[in-house]
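Reading through the C-alpha cells given below for one structure.
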Amino acid sequence: MYAILETGGRQYKVRPGDMLQVEKLRAEPGQTLELGRVLMLAGDDDVAIGSPVVEGAKVLAEVVDQRRGPKIIVFKYKAKVRYRRKTGHRQSLTTVRIKEIQGASKDGT
C-alpha cells in the first residue's frame, strides 16, 4: 500500500517505513503527527483518487529529527557596474518516518 500526500506545498509518494524530509513542522522528535492531505491512496487491488483529497484517509508519521539543510549560495552579479552580492540560505527541515497509512471506508470511495 502507498499514498501520495501533500505537505509544505510539495507532494510525496510514501509507504509504511519510509523516511522523508519535509518542510519544517512544529513538532518535537518522538512525537507522532497526522498528515491529513492524502491526494491518492493505492492498495493491493483498489485505488482511491481524491478530489482534491481522499475523505477519511490519513498518514501517521513519527518525527525523527529537526535539522537544517545544506547551504545554498545565491550570487547576484551585474556586468560592468561592479555590483556583486553573495548570500546564503539554509532551509529548516523535519525528518519523519511513516508509521501507518489509514485508508478511507469502502462505502466512501
Side-chain angles (χ1 to χ4, degrees):
M1 171 179 256
Y2 71 91
I4 295 181
L5 64 93
E6 179 185 4
T7 181
R10 295 192 175 123
Q11 296 177 8
Y12 302 95
K13 178 181 176 182
V14 297
R15 297 174 190 265
D18 283 355
M19 296 284 282
L20 192 63
Q21 281 194 341
V22 298
E23 297 281 325
K24 184 175 181 178
L25 301 171
R26 293 181 184 219
E28 297 296 322
Q31 189 175 349
T32 300
L33 294 175
E34 179 181 312
L35 304 173
R37 288 207 34 99
V38 179
L39 305 176
M40 187 180 105
L41 195 61
D44 298 330
D45 298 334
D46 54 340
V47 175
I49 299 175
S51 60
V53 296
V54 178
E55 294 297 323
K58 58 185 173 181
V59 175
L60 298 178
E62 177 187 0
V63 176
V64 177
D65 193 15
Q66 296 276 8
R67 65 176 52 196
R68 298 186 73 192
K71 181 174 261 191
I72 297 170
I73 302 297
V74 179
F75 189 74
K76 298 179 183 179
Y77 171 79
K78 292 187 180 180
K80 301 176 189 154
V81 292
R82 295 182 180 175
Y83 175 81
R84 292 169 182 84
R85 297 291 182 268
K86 180 180 176 183
T87 59
H89 173 76
R90 290 184 71 187
Q91 185 68 39
S92 298
L93 301 171
T94 301
T95 304
V96 296
R97 178 181 294 117
I98 305 301
K99 292 172 67 174
E100 183 181 358
I101 298 173
Q102 296 179 349
S105 63
K106 292 294 179 186
D107 57 8
T109 55

**Request:** Sort out for me which residue in T94, T95, V96 forms a side-chain contact (heavy atoms from CB on, under 4.5 Å) with V64.
**Result:** T95

To the nearest 0.5 Å, tell me how far [X] [atom1] sits from [Y] [atom2].
X: Q11; Y: I4; atom1: CD; atom2: CD1; answer: 7.0 Å
X: L25; Y: Q31; atom1: CG; atom2: CD; answer: 10.0 Å
X: T87; Y: F75; atom1: OG1; atom2: CZ; answer: 10.0 Å
X: R84; Y: K86; atom1: CZ; atom2: NZ; answer: 13.0 Å
X: L93; Y: K24; atom1: CG; atom2: NZ; answer: 10.5 Å
X: L39; Y: I49; atom1: CG; atom2: CD1; answer: 10.5 Å

With a 4.5 Å cut-off on side-chain heavy atoms, are [Y] and [X] touching?
X: M40; Y: V47; value: yes
X: Y12; Y: T7; value: yes
X: R37; Y: V53; value: yes
X: L60; Y: L33; value: no

Closest heavy-atom contact between [X] and [Y]?
X: A27; Y: V63; answer: CB-CG2, 3.7 Å
X: P16; Y: M1; answer: CD-O, 3.6 Å
X: V14; Y: I101; answer: O-CD1, 3.8 Å
X: L41; Y: V54; answer: N-CG2, 4.4 Å

**Message:** Does the Lys NZ or Arg CZ of K76 fall within the cation-pi geometry relative to Y83 - under 6.0 Å from the ring centre and within 45° of the axis?
**Reply:**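 Not flagged: K76 not positioned over aromatic ring of Y83.
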
**Over 12 foreign heavy atoms within 6.0 Å of CZ, R67** =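 Atom CZ in R67 is not packed in, count stays at 12 or less.
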
**Request:** Would you check if there is a donor-acceptor pair between the side chains of E62 and T32 at a distance under 3.5 Å?
**Result:**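 Not at all, the side chains of T32 and E62 share no donor-acceptor pair under 3.5 Å.
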
**Prompt:** Is the closest side-chain donor-acceptor distance between E23 and Q91 under 3.5 Å?
**Reply:**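 Looking only at side-chain atoms, Q91 and E23 do form a donor-acceptor pair, the distance falling under 3.5 Å.
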
**Prompt:** Do any N or O atoms from the side chain of R68 and from the backbone of R90 form a donor-acceptor pair under 3.5 angstrom?
**Reply:**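 Between the backbone of R90 and the side chain of R68 there is a qualifying donor-acceptor contact (under 3.5 Å).
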
**Message:** Between Q102 and G56 (side chain of the first, backbone of the second, donor and acceptor by atom type, cut-off under 3.5 Å), is there such a pair?
**Reply:**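 The answer is no, because no donor-acceptor pair under 3.5 Å joins these two groups.
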
